[in-house]
Amino acid sequence: MSGFTSRRFLRRLGGGLSMLSVASAGAYVSAAMHPAAAQQKAPDSKPALAKAVYEQQLTIGQPHVTAFCEWLLAGCADALKQPGFMGAKLLRSTPPAANTPLVLFVLGGPGAGKGTQCARIVAEHGYIHLSAGDLLRAARQAGSSEGQLIDEYIREGRIVPVEITVALLRKAMAASGGSRFLIDGFPRNGDNLAGWHSQMGEVAHVGGVLMYDCAEAVMEARLLERGKTSGRADDNAAAIKKRFATYRAETMPVVGYYAQLGLVHTIDGSQPVEDVYDKTQQALAAVHKADALRRAQVQVVAHLYAADRASLERWLASPAGKAHEAAVRERAASMDGASRASGAVRSRVLDVSTSLKPYGLDSLRAFD
Ligand SMILES: Nc1ncnc2c1ncn2[C@@H]1O[C@H](COP(=O)(O)OP(=O)(O)OP(=O)(O)O)[C@@H](O)[C@H]1O
Ligand SMILES: O=c1ccn([C@@H]2O[C@H](COP(=O)(O)O)[C@@H](O)[C@H]2O)c(=O)[nH]1
């Protein structure tokens, strides 16, 4: 999976310079504590913690990244000469390799029509369809050691521990030999999300989420109808109620997580199957386009840390700060259009409450 995974380290250098950074695997990182800031501290005291950060984010084409980061780092080093400035870091995302499998998660309430639409996509777009629920039911049926546990969870409409589900998905993905997957009905809660990131984050690349939106009354009617023949232990009124509650409480936040990353394509699942499929085709086209762009681009995040917000704001209002901002915008805009998403640079000043860590992790998550 592309993006930043976080790692924190603190390094001291000779000559009163310290290096403090929230670093990311595979990312270009640099940070330097300004000597003046270091000298204000007693020799045995811990380095001061930054209280404010000036952040710039932009997206650029792969060919420009190394030169751009070197240039920007030099600009940050200049800024660090200001009083109150403590350090800087540059992060860059790592786009997935061309051969990293593409995964689309397919979410939506029970009975929203996920499986129905997946079958259509498979027929026309050559995806492998893996339904997490089907894999769990098959594992239960095959008398796996976890069979009884899976059975209890499904009857209760609860989410099976992620170790079981991800192991099944991973095995099925490997066995299929495919390179494009629709993973239907997963991830369903925070535990699923964390398990996917830790087990599959480097193995597969999540290119989008197809989210089927449908009213509970419509879904319930469909499930009760399906229950007449499905033989499923959870297609009955009592279990459906629990499944809806689980979906609202646990799965909706997962959708929110991916929405924040701009990956969710919401489709009205209450319409007739053909109409839903038309919208699905449009969503797929958007997913494929965005994914191709994402694979060709790198997101760069620059952070300048200061002991207080006022120092950052003073510098931003000064000719030097304005020149720095303008230079970054100009350089971003000057890179050739084919390989950059836009010349847009998002800049903001944020507070860091007690340490760099919470801020750093939040900012990294936004680019996961
Ligand atoms: N757009 C639709 N209009 C009417 N009925 C539909 C539509 N889509 C699916 N159905 C029917 O609704 C039932 C549930 O559909 P489906 O199995 O695709 O949902 P699902 O979201 O995969 O459900 P689950 O999460 O329970 O696995 C099926 O009987 C299916 O034939
Ligand atoms: O990732 C998953 C997927 C499913 N479950 C359990 O299975 C049932 C049925 O799922 P469907 O997607 O409707 O087939 C679901 O209610 C969960 O109990 C799961 O735990 N984790």
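One-based numbering, in listed order, for ligands and for the atoms of each.
Other residues, nucleotides and ligands contribute more than 12 heavy atoms inside 6.0 Å of the NZ atom of Lys242.
Atom 9 (C) of ligand 1 has Thr116 OG1, 3.2 Å as its closest protein atom, hydrogens excluded (heavy atom only). Counting protein heavy atoms only, atom 6 (C) of ligand 1 is closest to Arg222 NE, 3.6 Å. Nearest protein heavy-atom contact of atom 19 (O) of ligand 1 is Gly113 N, 3.2 Å. Nearest to atom 1 (N) of ligand 1 among the protein's heavy atoms is Gln271 O, 2.8 Å. Looking from atom 28 (C) of ligand 1 to the surrounding protein, the closest heavy atom is Arg226 CD, 4.1 Å. Counting only heavy atoms of the protein, atom 20 (P) of ligand 1 lies nearest to Lys114 N, 3.5 Å.
Within the 4.0 Å heavy-atom shell around ligand 1 one finds Gly111. Ligand 1 lies less than 4.0 angstrom from a heavy atom belonging to Ala112. Within the structure, the closest approach of Gln117 to ligand 1 does not fall below 4.0 Å when heavy atoms are considered.
Nearest heavy-atom pair across Val103 and Ala204 is CG2-CB, 3.8 Å. Contact detail for Ala259 and Val264: the closest heavy-atom pair is N-CG2, 3.3 Å. Residues Ala306 and Leu312 share a closest heavy-atom pair of CB-CG, 3.6 Å. Of all heavy-atom pairs spanning Asn192 and Pro187, the tightest one is CB-CB, 3.5 Å.
Formation of a donor-acceptor pair under 3.5 Å by the Arg140 side chain with backbone atoms of Ile154 is not found in this model. Formation of a donor-acceptor pair under 3.5 Å by the Asp213 side chain with backbone atoms of Thr266 is not found in this model.
For Glu325 and Tyr54, the side-chain atoms include at least one donor-acceptor pair closer than 3.5 Å.
Cluster membership for Met252 and Val206, using ILVMFWY side-chain heavy atoms within less than 4.5 angstrom, is shared.
Counting only residues at least two apart or on different chains, the side chain to side chain donor-acceptor pair (under 3.5 Å) pairs with a member in residues 214-228 are Glu216-Arg248, Glu225-Lys228, Arg226-Asp235. Listed by first then second residue, pairs satisfying salt bridge (charged side-chain N to carboxylate O under 4.0 Å, His left out) with a partner in residues 283-293 read Asp291-Arg294, Asp291-Arg295, not counting sequence neighbours. The salt bridge (charged side-chain N to carboxylate O under 4.0 Å, His left out) contacts involving residues 98-121 comprise Arg120-Glu124, Arg120-Glu274, where partners must be two or more places apart or lie in separate chains.
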Walk me through it: do Glu250 and Arg188 pass the test salt bridge (charged side-chain N to carboxylate O under 4.0 Å, His left out)? CA-CA 6 Å; Glu250 301 191 42; Arg188 281 172 119 101; over 6 Å; no

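Which parts of ligand 1 touch Arg232 is read off a 4.0 Å heavy-atom cut-off, strictly below it: atoms 26 (O), 27 (O). Set against the non-hydrogen atoms of Pro272, the atoms of ligand 1 under 4.0 Å away are 1 (N). Residue-ligand proximity, Arg243 to ligand 1, at heavy-atom distances under 4.0 Å covers atoms 26 (O). Set against the non-hydrogen atoms of Pro110, the atoms of ligand 1 under 4.0 Å away are 25 (O). Interface atoms of ligand 1 facing Gly115, defined by a heavy-atom separation under 4.0 Å, are 18 (O), 20 (P), 22 (O).
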Every pair of nitrogen or oxygen atoms between ligand 2 and the protein that is under 3.5 angstrom apart - can you list them with their distances to 0.1 Å?
residue	atom	partner	partner atom	Å
ligand 2	1 (O)	Gly185	O	3.4
ligand 2	12 (O)	Arg188	NH1	2.9
ligand 2	12 (O)	Arg188	NH2	3.4
ligand 2	13 (O)	Arg232	NH2	2.9
ligand 2	13 (O)	Arg243	NH2	3.3
ligand 2	14 (O)	Arg137	NH1	3.1
ligand 2	14 (O)	Arg137	NH2	2.9
ligand 2	14 (O)	Arg232	NH1	3.4
ligand 2	14 (O)	Arg232	NH2	3.4
ligand 2	18 (O)	Arg158	O	2.6
ligand 2	20 (O)	Val160	N	2.6

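Using a 4.0 Å cut-off between heavy atoms, Glu274 makes no contact with ligand 1 at all.
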